[in-house]
Amino acid sequence: GDFEGYGGRHVPEALEGPLSELAAAYGEVGKSEGFQEELRGYLEEFAGRPTPLYHARNLSDRYGAEIYLKREDLLHGGAHKINNTLGQALLAKKAGKERLIAETGAGQHGTATAMVGALFGLDTEIYMGEKDAERQRMNVFRMRLMGAEVNEVTRGGAGLADAVDAALEDFASNVADTHYLVGSVVGPDPFPRMVRDFQSVIGGEAREQIVERTGNLPDAAVACVGGGSNAIGLFHAFRDDPVGFYGAEGGGEGSDSARHAAPLAKGHDDTLHGMRTRVLDEDVEVHSVSAGLDYPGVGPEHAMFRAVGRAEYTGVTDEEALAAFRELSETEGIIPALESSHAVARAIELAEADGHETILVNLSGRGDKDMETAAERFSL
Ligand SMILES: Cc1ncc(COP(=O)(O)O)c(/C=N/[C@H](C(=O)O)[C@@H](O)C(C)C)c1O
């Protein structure tokens, strides 16, 4: 799990054993034909795969480039998170675990974990910063409706990082019966590579679809980057192709400001949540208008992509994301999640800049969960 020095497994001794067990289980069971077959069945019948590749003609005409949207917003639960939670929950069940725990910020991952907890009959406890629980009230209700316990974390900044700390502590003392279902390509090995593999179904489908539709590979692949799972899920299939990778981080009030969530655009190497990666500078307060990007670290594979120049990462500000949120809604009749709106904003910039004819955008989620936030911002 080493990404050119990033990643690794920087955890207390107590977690070493359980993590190597998980890595072994993933290597044996997770890669077996039987497991993949069973997972494919759930992805189709429960989650609704394959998702469409939608040619956003109105947006394309407006900017003079062909913009294609990979519709992860149409998945069960409204976001890409279900791809990962189905894979990990199936693995946990086969390993005889009885309980799932997870962290969540936007509540999408928490909801997707509650779904698979109900589906596979596993006790489920979701750790969520109290601040996030306030701004994603509907998702808290959805989780409880599906039988999950939502543990509102008040320690520290009562945000996502604090929820991760609480979940890691729980995992350390309940490894025998509990699987920690990590929500993004973050944390100690094997999580970054395991979550990437589960999310890579996105890029696998999109590569086939876009070649079939346009006869070619796209010039650019664009995705928002919180922990980085939907982005890696899209990029992975094109990693050996001449396709530009553009990551849109939560630029908050600007990646040079004191309030953002763009550690790749502006941050430094450090160790966080068991991984060597890129982290926000000390004088920066983690902030994004979207709860899903509101995380001070990022997946180590993205830190590597940045270091070797395989991908370009920019902070899309709150204002730019909100403008794209409205533009896609008005232009195509599709309301994107605030997280995904960061990718849409970046795609529009690339389309305006010329030189990119075909742009593939990961629409990681839909905006239903963001209606209250949006209604506070826009009086329509
Ligand atoms: C619709 C949507 N799009 C993108 C993201 C960013 O997560 P990544 O794809 O892992 O970078 C998210 C992240 N949501 C997580 C959550 O719902 O709990 C996030 O807050 C944490 C797992 C990090 C999301 O909900």
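No hydrogens, no waters, no symmetry mates; every other heavy atom, side chains included, goes into these values. Quick note: residue numbers are just sequence positions, from 1. Each ligand, and each atom within it, is numbered from 1 in the order the structure gives.
Taking 4.0 Å as the cut-off between side-chain N and carboxylate O, Glu339 and Lys369 count as a salt-bridged pair. Using a 4.0 Å cut-off between charged nitrogen and carboxylate oxygen, Asp241 and Arg207 count as a salt-bridge pair.
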Could you give the side-chain donor-acceptor pairs of residues 293-300 under 3.5 Å, partners two or more places apart or in another chain?
{"unit_1": "Asp294", "atom_1": "OD1", "unit_2": "His287", "atom_2": "N", "d": "3.4"}
{"unit_1": "Asp294", "atom_1": "OD2", "unit_2": "Arg135", "atom_2": "NH2", "d": "2.6"}
{"unit_1": "Tyr295", "atom_1": "OH", "unit_2": "His273", "atom_2": "ND1", "d": "2.7"}

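In terms of modelled atom types and a separation under 3.5 Å, the side chain of Asn151 and the main chain of Ile126 share no donor-acceptor contact.
Other members of the cluster containing Leu145 are Phe141, with ILVMFWY side chains joined at under 4.5 Å, either directly or via other members. The other members of the hydrophobic cluster of Leu280, by chain and number, are Val284, Val286 (side-chain heavy atoms under 4.5 Å, ILVMFWY only).
Within 4.0 Å of ligand 1, protein heavy atoms belong to Ala79, His80, Lys81, Glu103, Thr104, Gly105, Ala106, Gly107, Gln108, His109, Leu160, Ser184, Cys224, Val225, Gly226, Gly227, Gly228, Ser229, Asn230, Ala291, Gly292, Leu293, Ala337, Glu339, Ser364, Gly365, listed by chain and number.
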